[in-house]
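Step one of this worksheet: look at the structure below.
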Amino acid sequence: SYFGAALSRMTAMQTARHTRLGLADAQSFVRQQWWSYLFVPIAPAFVIGAVSLFMMIAGVVLFSWVLDIIGGALFFVALAAGFALAFAIFVMIGGFQLFYPAISFEGAGVFDAVSRGASYVLNRPWRWLFYSMVATVYGAVTYLFLGFVLFLTLWVTHKVMGQWVVADNLMGVDRFEELMPAPTPGNPTPPIDYEALNGTGALSAWLIRFWVLGLVALLYAYGVSFYSCAQSWIYALLRRSVDGVGFSDIVEAEGEMPAAAPDKVEPGREG
């Protein structure tokens, strides 16, 4: 929640104000809204759990003994509770992605963020679905492209670095192939046989694998970053469509402005 919220805040400021907010300023904002960021994903789940517990207890009390007649007469209450449960599940599925942007753009509290996320999805379901589909397709294409670039980096590094490495005569195999097995498109990090290496070889292979995994982790980091940025844009687009509020007015009206905004000289005060 902490780093995802910081990414969301940085995207919100770049979207609304064309301002590249620094990581320190984004973290400062997140610390101010920490409880909202922490509990906003839990709030709908808490409602779902509470309603489910109420229905289960009512089912045991009313339909296990002779009170089933009363249970039948009051079953409309169970249907109402079921509707509330279904609505909460829908909010979790549809509006969950918009909870963080609501806080990042406007400093909304937990209840306000949940209500905004649900309201925008309910008011513009087809727009929300269209924006989500576009973001998914775009994200998949860029994700695959980045994955190809990272795989090509590993493959080129493996081929070039190992060209002149002397083979291990004792083992009869390529020394560098032992330290860094050749990556494949489906498995960029093949397993290393550490037992076949000597002490320095095993340590070298471990260090190489450390850096390789760090490079591969960039792909997953990009996925998290893209998701956060895309949902922030979708929130801004839905807010503009539902409330008629422009991007620059979302943060300007209700949110907190960054402390590092550049100073501007007012007309008539030059010199």
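Every heavy atom of this structure was used, including side-chain atoms; hydrogens, water molecules and symmetry mates were not.
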Flag yes if more than 12 heavy atoms outside Phe75 fall under 6.0 Å of its CZ atom; otherwise flag no. no

Can I get a per-line list of side-chain donor-acceptor pairs under 3.5 Å for residues 206-224, giving both atom names and the distance, sequence neighbours left out?
residue	atom	partner	partner atom	Å
Arg209	NH1	Pro190	O	3.4
Arg209	NH2	Pro190	O	2.4
Tyr222	OH	Thr142	OG1	2.6

Salt bridge (charged side-chain N to carboxylate O under 4.0 Å, His left out) with Asp193: which residues, sequence neighbours excluded? none

Phe63, CZ atom: more than 12 neighbouring heavy atoms under 6.0 Å: yes

Straight-line distance of Phe99 CZ to Phe39 CZ, nearest 0.5 Å: 15.5 Å

For Ser119, what residues pass the side-chain hydrogen bond (donor to acceptor under 3.5 Å, both in side chains) criterion, not counting sequence neighbours? Asn123

So which heavy atom on Ala113 is nearest to which on Ile103, and how close? CB-CG1, 3.9 Å

Give the table of side-chain donor-acceptor pairs shorter than 3.5 Å for residues 40-47, with sequence neighbours excluded, one pair per line with atom names and distance.
none

With sequence neighbours left out, the residues meeting side-chain hydrogen bond (donor to acceptor under 3.5 Å, both in side chains) with Arg124 are Ser241

Checking side-chain polar atoms at under 3.5 Å, does Ser232 have a donor or acceptor matched by the opposite partner on Thr11? no

Are Trp35 and Phe105 co-members of a hydrophobic cluster defined by side-chain heavy atoms under 4.5 Å apart? yes

Determine all donor-acceptor pairs shorter than 3.5 Å in which one atom belongs to a side chain in residues 52-59; sequence neighbours excluded.
residue	atom	partner	partner atom	Å
Ser52	OG	Ile48	O	2.7

Which atoms form the tightest heavy-atom contact between Leu7 and Ser225, and what is the distance? CD1-CA, 3.9 Å

Could you tell me which non-hydrogen atom of Ala230 sits nearest to which non-hydrogen atom of Ala135, and how far apart they are? CB-CB, 4.0 Å

Just say parallel, tilted or perpendicular for the rings of Phe83 and Phe87, cut-offs at 30° and 60°. parallel

Are Phe226 and Val149 connected into the same hydrophobic cluster when the rule is that any two of I, L, V, M, F, W, Y join if their side-chain heavy atoms are below 4.5 Å apart? no

Taking the six-membered ring for Trp, are His158 and Phe176 parallel (under 30°), tilted (30 to 60°) or perpendicular (over 60°)? tilted

Would you say Phe130 and Trp126 are hydrophobically clustered, going by side-chain heavy atoms of ILVMFWY under 4.5 Å? yes

Same cluster (ILVMFWY, side-chain, under 4.5 Å), Tyr235 and Phe111: no

